[in-house]
**Student:** 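Sending over a structure as C-alpha cells; questions will come in a sec.
Naming: A, B, ... by sequence-line order, numbering from 1 per chain.
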Amino acid sequence: MPRKVEFTDTEFMIVQGARLIEDGKTLFVGWGIPQVVAMLAQRLYVPNVTQLFEFGAVGPRPVLPFVRGTMGGPQNTYRSLQWLNMNWAFSFSAAGYMDYGMLGAAQVDPYGNINSTCLGGTFEKPERRFAGSGGGNQVASHCWKTIIIMKHEGRRFVPKLDFLTSPGYLDGPGAREKAGLPRGTGPYRVVTSKGLFGFDGESRRMTLLSVLRGIPVREVLDGMAFRPLLADPVGEADPPTEEELRVLREEIDPGRFIIRGERML
Amino acid sequence: MPRKVEFTDTEFMIVQGARLIEDGKTLFVGWGIPQVVAMLAQRLYVPNVTQLFEFGAVGPRPVLPFVRGTMGGPQNTYRSLQWLNMNWAFSFSAAGYMDYGMLGAAQVDPYGNINSTCLGGTFEKPERRFAGSGGGNQVASHCWKTIIIMKHEGRRFVPKLDFLTSPGYLDGPGAREKAGLPRGTGPYRVVTSKGLFGFDGESRRMTLLSVLRGIPVREVLDGMAFRPLLADPVGEADPPTEEELRVLREEIDPGRFIIRGERML
Amino acid sequence: MKEKEIRAEGNVEYRFTHPDDFREHVRDRKGRNPASKLCSAGEAVETFVRDGDYIVYDFSSLTRGPQALVREVIRQRRKDLWIGAEFTLHESSLLVGAGCASRIDVGFLGYGNYIGRAVCAGRVRVYEWTNGGLALRILAGARGVPFLPSRDLLGSDNMKVSAARTIEDPYTGGPVCVVPALNPDVAFLHVHQADETGNARIFGTNLFALEAALASFRVVVSAEEIIETDEFRKDPMRTTIPFFLVDAVVHAPFGAYPGAMPARYEIDLDHVDRLNSLDTDERMRAYLEENVYSVSDHEEFLDRRVGAKRMRDLRRRATIVEGYR
Amino acid sequence: MKEKEIRAEGNVEYRFTHPDDFREHVRDRKGRNPASKLCSAGEAVETFVRDGDYIVYDFSSLTRGPQALVREVIRQRRKDLWIGAEFTLHESSLLVGAGCASRIDVGFLGYGNYIGRAVCAGRVRVYEWTNGGLALRILAGARGVPFLPSRDLLGSDNMKVSAARTIEDPYTGGPVCVVPALNPDVAFLHVHQADETGNARIFGTNLFALEAALASFRVVVSAEEIIETDEFRKDPMRTTIPFFLVDAVVHAPFGAYPGAMPARYEIDLDHVDRLNSLDTDERMRAYLEENVYSVSDHEEFLDRRVGAKRMRDLRRRATIVEGYR
C-alpha cells in the first residue's frame, strides 16, 4: 500500500500530463510547463518520444536540470536530431506528422477553445494582456491530439472566452472541419491540478474523466464557471509516485522554478 | 591593327555573351552554354559577378576546365558562398535579387518568347521533343534582364512559336504585366553566332543591334523567319580577341565539348 | 479516403491528394518509432513501390541520383509509373524503355534521343510544370496546404498543359499563378549518410530533399554509409531528413553509379556516354539486359558490371571534398 | 512606388508592399557588389533605421537576439516603430517604454508586466498574427509572392484582429487561410560569424533568418566574429545568409547580451531578472538611463555596465558547444 506523499498542485498536473503521452510518437511542446512535462515523460515513460519545438528543434534531449527562461538555448535544444526553423516546424505539424501538442492556457471553454491573449475590456484595451498565441494556434490547429495543461482555477474555465486564440472544437461538432481546419484534429485532454478532462465524441463538450484520488468531484466542478459532462463513472487519478516526484524534484527542477505551487494531500 | 584569327560560331556567341554582363551583379545561369559564358565572363571581365544555379548553388566558382554533363557536381558548384535548394534559388529570383538570367532556346519569336519544349505536330505527339523548361520559365519570368543565347539558324527565329515555354514580352507592350509577371522584367538581349539583338523600348520587338564585323546585315536577316527591327545604325561586333579565345580554348574547354562549331572568318 | 486521386482538367491529368487524406496516411501509416528500417533495395521496392505509383527523386542522373533504386524498380518490372521529373536525364529513358513509366511531369526531360522519340511516338504522356512549378507543388505537399502561389508560368503555354491556374490575389487584386500540392506515392533519396531509423544527411545542394520526404506517402532512402544515430545528435545542423519521414533505409554504396556522389566518387563518363547513345529499342533492351535484368541486385551489378578496379578509380577521381562533410 | 504602404481593413492596420515595389527596391538599392559593409552599430542605425519603420528580428531576447542593435535604436530615439514580434520578450517592453514603438504585430508578447500594462493602457496598438502567421508572412515576402496560404488561424479570433483572410482553395473548394506578404523595413540579425560583405552564419535553430533577410528592405547583421569570405567558400552548407541580401555588418561581440549566444556565452540571469522586474515607468526610465542613454555605445556599455569579469564568467558557463560550428 502506497504511503501518502506530499506534493504540489503543479507537480500533480505535470505528472498527469507526462502519463498521457504514448511512446514512439511525436510531441509538439509549448513554452513553460509543457517543457517540463515532456522532460518527465521522456525520462520515465516514453524514451522514444520525439519532441518538436516551434523554432525548429527536432527531437531534442533537453539537459537536466531544466534551465528556466531559455527554451531556445543550447540546454533545451541539446542533442536534437535536426535544427531547422519555424516555417519547417509548422510544416511538420501541418502535414500531419505531429501526434500530440501540449499547450498552456489562460482560459478554456466547454469546447476546448483556448484563450491566451487577453482578459476583460476590449481587445484594443483589455484588462489583462498575455503573451498571445505564439505558435499555440498552429499547434492546436494542426496536431492530431492537443493536450491543454493549466491550473484548476475558476476564472480559467469559462462558458465563453474573452478571446479565441487557439481553436478547440469551436462551437461544436463539425465546426473545425467547416472552418477549414485539418480533419480529425482537436483537443484531446485538459490536464489540471485537480483532474483530467476529455471531450465527448458526439457533442465535443468537455467531459470530466477523473479526479485526483481523494478530491470530491464536487470540489472540481465548483472550480469551474461551466458544468462539464461527467464520465460514468468519473475515475480516480493516482497521486504522483515517489519516483515521479524524485525525478521532478531532484533531476528536472531542483531550483523549483516550475514545480512550486499549492501543497496538496 | 588586330590580326585575323580563326574561331567558331559558338566561340563568337560565347564571347558576345560574356561581354554583356556587368560586374558586381547577379547572374542566374542556365544549363550548357550559359555555364561556359559565365566562366569566361568571370575569368576575364566580371570577377565580382555572383552566379546562381537553379538547384541552389549561390556564388559558385566553377573549376576550370569545364566538366561536361554535371552541372550539379562538385566541380561546378566549387567554392560556392552557399548551398541551398531549388525553392530557395527561385525565391532569390522571384524577390528581385537576380539581375541577369541567361538561357538557351530552340526557338525564339519577335517578342523574345522562348520555346525549349517541342517542335511540330501537337504537344502530345510533337515532331521533336526537347528538355522542356527546366527552370528556364522561372529565370525568364523573374530576372530583371534575360539574355537568350542560341545559334543563328533560320528555323530558330520564327514569327510564332510551336510552344511558349518561357515568356518574353508575350504579345507586346504591357502583356507581361497584364499576365501577372513581375513589372519591369523581360528579355534584354538575344546573342547569336552572327549578331546581337535587343528589344525596342516601345514596341518590344526584337531589334538587330550589331553583327559580327564582316558579316553583311542581309546574311543575318536571311537566317531568320521574321524580320527584326534594325538599329540605326546596326553596329559591328568585334570578333573574339586572342585572349578570349586562349582562355576559352586552353583554360575553360580544352576538350572542345562546347566550343566546337562551324569555323568562321 | 482517396489517397491517389487522378484528376483531369481538359486533356490534362494531374495527381492530387487532399491534404486531409495525406495527413491521415501520415497518422496511420508513418512510423514515429525510431525502429530500424534497414532493408535491401529489393525489399524496399517490393514493399514500397506499386504499379501506378507517382515517383519523385533527388538530385539528377549525373549527381547523387538514386540509380540503384531505379534499376531495382526496372528489375521488378513495375508498370504505369508516373514520374515527377525535375532533372530526369537517363532515368526517364530507362523507365520508359523498360515499360515501367507511362506518364512524366516535366521538369527537365533530358537527354539523349530515346526519351524524345518516345514522347513523339506517343509512348509516354508528358505534362509541363517546369522545374520551379514541380518544386513548388512538392513544397505545398510538404506544408500541408492544397496549393501555393507564384509569379511564374503566367503567360506561358505550360499553363495549358498542366493544371496550374491563374487566380486573383486577394491583396493586390492582380493575377497570380497557383499550382496544386503534390504528394508523391514514393520519394527516392540517395544520401551520403543515414542511420538505420532513417535520419539522413546530404552534403551539397539538393532539389527538394526535405520537401519530398515530408510530402511523400512512402520515402525510401538509400545511403552510401550507415552511421550511428548519435552522430546526428552531435551535429543537428547537418541533418537533411529526420527519421520519422522515412519508410525504408537501403545501404547502397555506389548507389548513384554511373552518376557521381559528391566527395565520394566521380561520374563514370564512359557509362554515361553509353546511356546517351541508347537511341533504339534494340539498344535499350541490350543495355537493360546487361545492366539490370541479368544481375540479381545492386551488389551483383557492382561486382560483375562495374568492378572493384573501376570503383577504385572513380573514388580516386573524386578529389573535391571541401565543404562536403 | 509605395514602398511602405499601411493598409487598413476595418480596425486592423497592416503593412503591405506590392511585390513589384519591393523588387524595384532590391534592384535599385541593394548592392550585389561584394564590398565591405562594416560599420558601427551607431552608423548602422543612423543610416538604416528611420522613424516609422517596421522592424523584425531573430531569435529572442534570451537567445541570440540583436540586443546591441535594439539598444542603439533606443539610444538614437527612433519613433513610431512597428515591431514584428515573433519572440519579443524584453525588446517590446524596452522599445515601448522608451517611446520608440507604437505598434506590435504579435507573435508572442512576453513577458514581464510592463508590456502587458502598456497594451491595457492603450499606449501601444497590437495585432494578432500568431507566430506561424508572421513567419508565413515573411516567407511570402521572401518568395516574392503577395500572399501564402495555410490551414491555421481559421476559426480563431486572430482573424478578426489581423488582416488574415479566408479564401476558397481553387483545388479542393474548401476554405483556407491566407496572409499577406510582409516586407519589413529593417531586419536585425545577430549571428555567430559574418564577413565584411555580409555573408553570415548562424549556428543552431533560427526563426526565419534567411526569410527575413530576403524579405526586408534593409538588413543589418551584427556578428560575434568577423571572418574571411574564404571561410564561407570552404563550407557553403554552413552559410545562413549570402552577402547580397545584407546592407550593414556590425562587429558586436556580446551583441546578444544579456541573452545567450549559443556556444559563446550564457544568459545573464541577474540582468534578465532585472528586466523582468521593470513594472513601472519609473523603473523603466532608470533602467534605460543606466544601460542605454548614459553610455555612448555598445562597447562602453560592456566596459562600464557589464565588465570583463562578468563577460568572462558568462563565456565560461557556455559549456555546450557540440553542434554549434
**Student:** With chain D as the partner, which of C:Pro180, C:Gly174, C:Pro146 has the greatest number of non-hydrogen pairs under 4.5 Å?
**Tutor:**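 Most pairs with chain D among the choices: C:Pro180.
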
**Student:** Can you see which heavy atom on D:Arg151 is nearest to which on C:Pro19, and at what distance?
**Tutor:**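 Closest pair (atom of D:Arg151, atom of C:Pro19, distance): NH1-CB, 3.5 Å.
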
**Student:** Under 4.5 Å from any heavy atom of chain C, what part of D:Tyr324 do you find: side chain, backbone, both or neither?
**Tutor:**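 No part of D:Tyr324 comes within 4.5 Å of chain C.
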
**Student:** Out of curiosity, C:Glu168 CD to D:Ile167 CD1, how far, rounded to the nearest 0.5 Å?
**Tutor:**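 Rounded to the nearest 0.5 Å, the CD-CD1 separation comes to 10.5 Å.
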
**Student:** Using non-hydrogen atoms and a 4.5 Å limit, figure out which bit of D:Val321 sits close to chain C: side chain, backbone, both or neither.
**Tutor:**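 D:Val321 has no heavy atom closer than 4.5 Å to chain C.
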
**Student:** Does any heavy atom of chain D fall under 4.5 Å from the side chain of C:Ile202, the backbone, both, or neither of them?
**Tutor:**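 It is the backbone, since no side chain atom gets that close.
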
**Student:** Begin with the C-alpha distance, continue with both residues' side-chain angles, and end with the deciding distance and a verdict on side chain to side chain contact (heavy atoms under 4.5 Å, CB included) for D:Thr172 and C:Phe16.
**Tutor:** CA-CA 9 Å; D:Thr172 66; C:Phe16 186 75; 3.7 Å; yes

**Student:** Would you mind checking which part of C:Val176 comes under 4.5 Å of any heavy atom in chain D, side chain (CB onward), backbone (N, CA, C, O), both or neither?
**Tutor:**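 Contact with chain D: side chain only.
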
**Student:** When only pairs under 4.5 Å are counted, which of D:Thr205, D:Val145, D:Asp169, D:Val178 shares the most heavy-atom pairs with chain C?
**Tutor:**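 It is D:Asp169.
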
**Student:** Check whether more than 12 heavy atoms from other residues, nucleotides or ligands sit under 6.0 Å from atom CD of C:Glu9, and answer yes or no.
**Tutor:**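 Atom CD in C:Glu9 is packed in, count exceeds 12.
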
**Student:** Do the charged groups of C:Arg238 and D:Asp235 touch, with an N to O distance under 4.0 Å?
**Tutor:**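 Between D:Asp235 and C:Arg238 there is a salt bridge, with a charged N closer than 4.0 Å to a carboxylate O.
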
**Student:** Mind telling me whether C:Tyr171 and D:Tyr14 have parallel, tilted or perpendicular rings, with 30° and 60° as the class edges?
**Tutor:**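 Ring orientation of D:Tyr14 relative to C:Tyr171: perpendicular.
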
**Student:** Between C:Arg143 and D:Asp152, is the closest basic N to carboxylate O distance under 4.0 Å?
**Tutor:**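 No salt bridge links D:Asp152 with C:Arg143.
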
**Student:** Where do D:Thr240 and C:Met237 land on the side chain to side chain contact (heavy atoms under 4.5 Å, CB included) test, with the steps shown first?
**Tutor:** CA-CA 11 Å; D:Thr240 311; C:Met237 290 186 66; 5.6 Å; no

**Student:** Quick check on D:Arg233 against chain C: is it the side chain, the backbone, both or neither that has a heavy atom closer than 4.5 Å?
**Tutor:**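 Interface part for D:Arg233: backbone (N, CA, C, O).
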
**Student:** Top residue by heavy-atom pair count (under 4.5 Å) with chain D, among C:Ala181, C:Pro149, C:Gly323?
**Tutor:**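 The answer is C:Pro149.
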
